[in-house]
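Every chain is numbered from 1 and lettered A, B, ... according to where its sequence line falls, protein lines coming before strand lines.
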There are 2 protein chains.
Amino acid sequence: MTDELRDRGLRLTPQRELVLAAVRELGHANPEEIAEVVRLKHPGINLSTVYRNLETLENVGLVIHSHLGHGGATYHAAEDINHLHLVCGKCGSVGEASIETAAQFVNVIADDYSFKTDVTHFAIHGTCSRCLETL
Amino acid sequence: MTDELRDRGLRLTPQRELVLAAVRELGHANPEEIAEVVRLKHPGINLSTVYRNLETLENVGLVIHSHLGHGGATYHAAEDINHLHLVCGKCGSVGEASIETAAQFVNVIADDYSFKTDVTHFAIHGTCSRCLETL
DNA sequence: GAGTAGTTGCAATTCGTTCGCAAGTGGCTT
DNA sequence: AAGCCACTTGCGAACGAATTGCAACTACTC
């Protein structure tokens, strides 16, 4: 990460390092959860620092956010974005699906609407298998 | 709408009527925009009344919300939900696509993950044709 | 090792949304 | 036609998530 940052005149601070480490460790997490993990090693970190670092890490391309539900964003390490999210509207569970399942869909949208789809950014909303059973 | 409401012991108030009318008129709109339209005919309406009516109209099935972007929900008349949304991450434009384009995708997700997809609830994120050209 | 520009912590602020409560009013009942 | 009661409204306060201004701090360049 040193290069990505320094090339842009940005700095490698302990806080920034810990935020990235937390994102990588957690898989998908919101800023609050990330702050909690960071605080284990750096208790004094401020929430706004977490927000600001997530933003810069995203600009640099080390981190990506996606929207899984009504609330805020959740963050992923850039190298982990190889799945799409299936969010159950009933129980709120978040499943994952292979990106390939959407390949054909992405192609159709590209052909018919000249729209280049990023399937990972928004979750796929619906009802999970467990909730379908208990209807 | 009278029946949908009264059958549940709910009332048909002028405010409620105007909120529904505004949703139908606007196509997709957020609560703030809906309030603006309602205020043309009923200047005193309170924002929280709009929120509450959107919620009850949704419970009754006359209105549906979906998430098009980072911020809050946008509301549609229930009878208009026959398209999915293509939101451009660069320019913010919101396009529409036929639901059929997703039919195969929905089937694959159902078969592979036993997950029943509601494609209209979350937008499809990506880059629109115009922004693709100007890269 | 010193200087500078990027960064942090803090507190205050914003935005969108929800809440509690008292006053108001639809609509069933008589 | 009038009354009653539960549903609604408007208002202000409160809320959570995210953002901002600013002074103190510090990573990095030379």
Side-chain angles (χ1 to χ4, degrees), chain A residues 1-23 28-39 41-60 62-75 92, chain B residues 1-23 26 28-39 41-60 62-63 65-75 92:
Chain A
M1 74 184 283
T2 309
D3 293 346
E4 284 92 339
L5 292 171
R6 294 217 181 128
D7 290 355
R8 306 203 183 194
L10 301 172
R11 295 188 189 160
L12 185 74
T13 64
Q15 291 92 327
R16 194 161 280 169
E17 233 173 327
L18 288 168
V19 167
L20 179 58
V23 171
H28 27 77
N30 61 40
E32 195 73 49
E33 292 162 343
I34 291 163
E36 255 172 63
V37 170
V38 172
R39 272 196 264 269
K41 291 191 176 170
H42 189 101
I45 198 170
N46 195 279
L47 237 196
S48 56
T49 301
V50 174
Y51 276 98
R52 284 189 282 224
N53 276 327
L54 287 171
E55 194 186 335
T56 60
L57 289 171
E58 184 156 28
N59 287 337
V60 167
L62 290 167
V63 150
I64 286 179
H65 79 271
S66 44
H67 295 275
L68 302 191
H70 295 207
T74 69
Y75 288 83
Chain B
M1 73 186 281
T2 309
D3 292 346
E4 284 90 339
L5 292 170
R6 295 213 182 133
D7 290 355
R8 305 203 183 194
L10 302 172
R11 294 186 190 161
L12 185 72
T13 65
Q15 290 93 329
R16 196 162 281 168
E17 235 174 324
L18 288 167
V19 167
L20 179 57
V23 171
L26 289 170
H28 27 77
N30 62 39
E32 195 74 47
E33 292 163 343
I34 292 163
E36 256 171 61
V37 170
V38 172
R39 273 196 263 268
K41 291 191 174 170
H42 188 101
I45 198 170
N46 195 278
L47 237 196
S48 54
T49 301
V50 173
Y51 276 99
R52 285 187 284 224
N53 276 327
L54 287 170
E55 193 185 335
T56 60
L57 289 171
E58 184 156 29
N59 288 336
V60 166
L62 290 166
V63 150
H65 80 270
S66 45
H67 295 275
L68 301 191
H70 294 206
T74 70
Y75 288 83

Enquirer: Check side chain to side chain donor-acceptor pair (under 3.5 Å) between A:Asn46 and all other residues, then give those that pass, not counting sequence neighbours.
Expert: A:Ser48

Enquirer: Looking only at non-hydrogen atoms, find the nearest pair between B:Glu4 and B:Arg8 and report the distance.
Expert: O-CG, 3.5 Å

Enquirer: Can you tell which of B:Leu57, B:Thr74, B:Leu62, B:Leu54 makes a side-chain contact (heavy atoms from CB on, under 4.5 Å) with B:Val23?
Expert: B:Leu54

Enquirer: Provide, to the nearest angstrom, the distance between the NE2 atom belonging to B:His65 and the C1' atom belonging to C:dG16.
Expert: 14 Å

Enquirer: Take atom CD of B:Glu32 and atom P of C:dT17, then tell me their distance rounded to the nearest Å.
Expert: 8 Å

Enquirer: Give the rounded distance in Å between these two atoms: CD of A:Glu55 and C1' of D:dA17.
Expert: 15 Å

Enquirer: Rounded to the nearest angstrom, tell me the gap between atom NE2 in A:His67 and atom C1' in D:dA17.
Expert: 13 Å

Enquirer: Between protein and nucleotides 2-13 of chain C, map the contacts as a letter string: B base, S sugar-phosphate only, - none, heavy atoms under 4.0 Å, written 5' to 3'.
Expert: ---BBSBBB---

Enquirer: Measure OH/A:Tyr75 against P/D:dA17 and give the value in whole Å, please.
Expert: 14 Å

Enquirer: So how far off straight is the helix from C:dG1-D:dC30 to C:dC15-D:dG16, going by the axes through five pairs at either end, to 10°?
Expert: 30°

Enquirer: Search all heavy atoms of B:Leu47 against all heavy atoms of B:Ala35 and return the closest pair with its distance.
Expert: CD2-CB, 4.0 Å

Enquirer: Should B:Leu20 and B:Met1 count as side-chain neighbours, where that means a heavy-atom distance under 4.5 Å?
Expert: yes

Enquirer: Roughly how many Å is it from CG in B:Leu47 to P in C:dT18, rounded to a whole number?
Expert: 11 Å

Enquirer: For B:Val50 and B:Ile34, which heavy atoms make the closest approach, and how far apart are they?
Expert: CG1-CG2, 4.0 Å

Enquirer: Send over the distance from A:Arg6 CZ to D:dA27 P, rounded to a whole Å.
Expert: 11 Å

Enquirer: Measure from CD on A:Glu58 to P on D:dT19 and round the result to the nearest Å.
Expert: 11 Å

Enquirer: Minimum heavy-atom separation for A:Ala73 to A:Pro31, with atom names?
Expert: O-CD, 3.8 Å

Enquirer: On a heavy-atom basis, which atom in B:Leu10 and which in B:Arg16 lie closest, and how many Å separate them?
Expert: CB-NH1, 3.9 Å

Enquirer: Check whether any side-chain N or O of B:Gln15 sits under 3.5 Å from a backbone N or O of B:Ile45 as a donor-acceptor pair, and report yes or no.
Expert: no

